[in-house]
Novice: 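I'd like to ask some things about the structure below.
Keep in mind that what you see is a predicted model, and the values were worked out from it rather than measured. For the single chain, residues carry numbers from 1 onward in sequence order. Only heavy atoms go into these numbers, but all of them, side chains included; no hydrogens, no water, no symmetry mates. Indexing begins at 1, ligand by ligand and atom by atom, following the structure's order.
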Amino acid sequence: MPSTAPIPEAMPAPALPEVRMNVVRPAAPVIGRVVRNEICTASRKAAGFVRHIEFDVSGTPLAGAFRAGQAFGVLPPGVDPKTGKPHAVRLYSLACPTGGEDGAGAVISTTVKRTIDEHWDDQSLFLGVASNYLCDLCEGDEVRLSGPNGKRFLLPENHADHEYLFLATGTGIAPFRGMVRELLGRGCDRPITLIMGSPYRTDLLYHEEFRSLEADHANFTYLTAISRERDDNGGPGLYAHERLAMTLERAAPGLAEGKTLVYICGIAGMEAGVARVLTEALPAEALAPYLTITDDALRADPDAWTREGVRRGVRFGERVFIEVY
Ligand SMILES: Cc1cc2nc3c(=O)[nH]c(=O)nc-3n(C[C@H](O)[C@H](O)[C@H](O)COP(=O)(O)OP(=O)(O)OC[C@H]3O[C@@H](n4cnc5c(N)ncnc54)[C@H](O)[C@@H]3O)c2cc1C
C-alpha cells in the first residue's frame, strides 16, 4: 500500500485545457481520407478483430482541432432500416497525441473493434454498422467525419504537476496511446503507468509499441492483465483492477498524496473494480479527491459491487477521469 501521508494543501486540482467542440457537426460532416488501416492486436489469432485506422483531415476544420483524449464522429453511409433515416453518428476515441500522427494535427487515428455477434433475436449474424464499415476501408477511401467531441477526458494543462495512472480494457487503450505519447513527447518525467486489460495475450493492442516506449522511458511503466489465461507462473487470470491492487505502490506511487490522476477507459463497468481497489487501499482523507462513497455502498460487500451499485453509491472526484462505453 502507498504511504498514507496527508494530501498537501498546495497540491493543485487538475486544471483542464479549454478545448474546441463540435467544430464540425454530424449534420454537415467533412471528408477524411484513409491513409492507414492495419491490425493492431498482438496476433492475427486474437479473439477480436481490432484495427488502427488513420485519416488525413488536412484542409478541413478538423485539422489541428483535437486534443489527446477527445473523440471524433464517423457517419457511416446508408440508412438505418429500423428508422428509415441515415445512420446515426458513432464516436471513436482519438488514438494519437494532440499533434496527430503527423505532428501537425492533419492525420488523426483511432482504434476500432469490429462488433460481431449472433443477433439476439434470431441467431442471424449481427454486424455493427460503423465498426465494420471502418474496418473494411482501404487506403484512399473517403469517410464522413465530425467533431471534436469530449471536454473532460483530457490531460491537465500543467502535466508536470501530476502523476498518471491509465487503466484500459479493449479499445479503451486508444486515448491512452495518444496521452502516453503526448506526455513522453513533451518531456514529462513524472511517473506514468498504463495497465492494459485483455482476455488473452493475443488481444493486447499496440503491445510492442508500449513495450518499446517503456524501454526508452524510465518513468513509463506498462503492465498487462490477462483475464482468461493463467500467468507465466501458473497463477490465475487477472482483471485490470486486480493488477492494480497487486502493484499499487509501483503503479501509483503518488496516490496517497493526491498526486496521481486516474484515467479509466474501456468496457462499461470496469470503473467498479477500480473504485473498489482505491477504497480498500486509501484512508478516507486520501480517498476524497478520487471518490466519495455512500454509507450504504460502504456497508455492501465489495465483492458484490456492480456497475449499477457504483453508479448509485460512488461519486468520482476531480482526479478521476472515466470514459466507458
Ligand atoms: C466516447 C466514445 C468513444 C468510443 N471510442 C471507441 C473506440 O475508440 N473504438 C471502438 O471500437 N469503439 C468506440 N466507441 C464505441 C463506438 O462508438 C460504437 O458504439 C461501436 O463501434 C459499435 O458501433 P457499430 O455501428 O459498429 O455497432 P451498431 O450497429 O451501433 O450496433 C451496436 C448496437 O447494436 C446492439 N447490439 C449489439 N449486439 C447485438 C446483438 N448481438 N444482437 C442485436 N443487437 C445487438 C446494441 O444495442 C449496440 O448498442 C466509443 C463510444 C463512445 C461513446
Novice: Quick one: does ligand 1 sit under 4.0 Å from the side chain of Asn149, the backbone, both or neither, non-hydrogen atoms only?
Specialist: neither
Novice: Please check if a non-hydrogen protein atom sits closer than 4.0 Å to atom 49 (O) of ligand 1.
Specialist: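 Under 4.0 Å from atom 49 (O) of ligand 1, zero protein heavy atoms found.
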Novice: Among all protein non-hydrogen atoms, which one is nearest to atom 22 (C) of ligand 1, and what is the separation to 0.1 Å?
Specialist: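 The closest heavy atom on the protein side is Thr115 OG1, 3.5 Å.
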Novice: Considering only the protein, which heavy-atom contact is closest to atom 8 (O) of ligand 1, and what is its distance?
Specialist: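 Checked against all protein heavy atoms, atom 8 (O) of ligand 1 sits closest to Ser93 N, 3.2 Å.
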Novice: Starting from atom 46 (C) of ligand 1, what is the nearest protein heavy atom, named by residue and atom, and what distance separates them?
Specialist: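 Looking only at protein heavy atoms, the one closest to atom 46 (C) of ligand 1 is Trp120 CH2, 3.8 Å.
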Novice: I'd like to check the side chain to side chain contact (heavy atoms under 4.5 Å, CB included) partners of Pro199; sequence neighbours left out, ordered by chain and number.
Specialist: Asp203, Ser227, Arg228
Novice: Using a 4.0 Å heavy-atom cut-off, say whether Tyr325 meets ligand 1 through its side chain, its backbone, both or neither.
Specialist: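 It is the side chain that gets close, since no backbone atom is under 4.0 Å.
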Novice: Atom CG in Asp141, atom CD1 in Ile31: separation rounded to 0.5 Å?
Specialist: 11.5 Å
Novice: Can you spot which of Phe220, Tyr206, Tyr164 makes a side chain to side chain contact (heavy atoms under 4.5 Å, CB included) with Val180?
Specialist: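 It is Phe220; the other options fail the test.
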Novice: Compute the shortest N/O to N/O distance between Val112 and ligand 1 and return yes if it is under 3.5 Å, no if not.
Specialist: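 So ligand 1 has no N or O lying under 3.5 Å from an N or O of Val112.
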Novice: Is the shortest N/O to N/O distance between Leu91 and ligand 1 below 3.5 Å?
Specialist: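 Indeed, backbone or side chain, Leu91 has an N or O that close.
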Novice: Answer with yes or no after comparing the ring centroid distance for Phe153 and Phe321 against a 6.0 Å cut-off, counting only values under it.
Specialist: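 Between Phe153 and Phe321, the centre distance exceeds or equals 6.0 Å.
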Novice: Any salt bridge linking Glu214 with Arg211? Criterion: basic side-chain nitrogen under 4.0 Å from a carboxylate oxygen.
Specialist: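 Looking at Arg211 together with Glu214, the answer is no, because their closest N to O distance does not fall below 4.0 Å.
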Novice: For atom 26 (O) of ligand 1, what is the nearest protein heavy atom, given as residue, atom name and distance?
Specialist: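 Sorting protein heavy atoms by distance from atom 26 (O) of ligand 1 puts Ser131 OG, 2.5 Å first.
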Novice: After noting the C-alpha distance and the side-chain angles of Asp136 and Arg114, does the key distance pass the salt bridge (charged side-chain N to carboxylate O under 4.0 Å, His left out) rule?
Specialist: CA-CA 10 Å; Asp136 286 347; Arg114 286 184 188 269; 2.9 Å; yes
Novice: May I ask you to list the atoms of ligand 1 that are less than 4.0 angstrom from any heavy atom of Ala130?
Specialist: 24 (P), 25 (O), 26 (O)
Novice: Inspect the contact between Arg319 and Glu257 and indicate whether a charged nitrogen and a carboxylate oxygen are less than 4.0 angstrom apart.
Specialist: no
Novice: I need the nearest protein heavy-atom contact for atom 20 (C) of ligand 1: residue, atom name and distance, please.
Specialist: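 Going atom by atom, the protein heavy atom closest to atom 20 (C) of ligand 1 ends up being Tyr92 OH, 3.7 Å.
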Novice: Taking 4.0 angstrom as the limit and counting only heavy atoms of Glu118, give me the atoms of ligand 1 inside it, by number and element.
Specialist: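 The atoms of ligand 1 under 4.0 Å from a heavy atom of Glu118 are 40 (C), 41 (N), 42 (N).
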Novice: State, with a plain yes or no, whether a side-chain heavy atom of Phe72 is found less than 4.5 Å away from one of Thr110.
Specialist: yes
Novice: Examine distances only and state if a side-chain atom of Asn37 and a backbone atom of Leu134 form a donor-acceptor pair shorter than 3.5 Å.
Specialist: yes
Novice: Please work out whether any backbone atom (N, CA, C, O) or any side-chain heavy atom from C-beta onward of Glu323 is under 4.0 Å from ligand 1, and answer side chain, backbone, both or neither.
Specialist: side chain
Novice: What's the shortest distance from atom 11 (O) of ligand 1 to any protein heavy atom, and which residue and atom give it?
Specialist: Lys113 N, 3.0 Å
Novice: Only heavy atoms of Thr110, strictly under 4.0 Å: list the atoms of ligand 1 that pass.
Specialist: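 Reading through ligand 1 atom by atom, the close ones are 8 (O).
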Novice: Would you say ligand 1 has an N or O under 3.5 Å from any N or O of Asp117?
Specialist: yes
Novice: Roughly how far, to the nearest 0.5 Å, is CG of Leu248 from CG of Leu282?
Specialist: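 With rounding to 0.5 Å, CG (Leu282) is 7.0 Å from CG (Leu248).
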Novice: State the OG1-CZ distance between Thr224 and Phe210, to the nearest 0.5 angstrom.
Specialist: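 Rounded to the nearest 0.5 Å, the OG1-CZ separation comes out at 12.0 Å.
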Novice: Quick one: look at Val129 and ligand 1, take heavy-atom pairs under 4.0 Å, and tell me if it's side chain, backbone, both or neither.
Specialist: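 Near ligand 1, Val129 shows its backbone as well as its side chain.
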Novice: Got the closest protein heavy atom to atom 28 (P) of ligand 1, with its distance?
Specialist: Arg90 NH2, 3.5 Å
Novice: Is the closest N or O pair between Asn132 and ligand 1 shorter than 3.5 Å?
Specialist: no
Novice: For ligand 1, indicate whether the residue Phe126 contacts it via side chain, backbone, both or neither (heavy-atom separation under 4.0 Å).
Specialist: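 Only the side chain of Phe126 comes within reach of ligand 1.
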Novice: If you have a sec, work out which protein heavy atom is nearest atom 27 (O) of ligand 1 and how many Å separate them, to one decimal?
Specialist: Gly128 CA, 3.3 Å
Novice: Number the atoms of ligand 1 from 1 as they appear, then name those within less than 4.0 Å of a heavy atom of Thr111, with their elements.
Specialist: 7 (C), 8 (O), 9 (N), 10 (C), 11 (O)
Novice: Does the pair Glu182/Arg67 count as a salt bridge with the N-to-O cut at 4.0 Å?
Specialist: no
Novice: For the CE atom of Met196 and the CG atom of Leu223, what is their distance to the nearest 0.5 Å?
Specialist: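 It comes to 12.5 Å.
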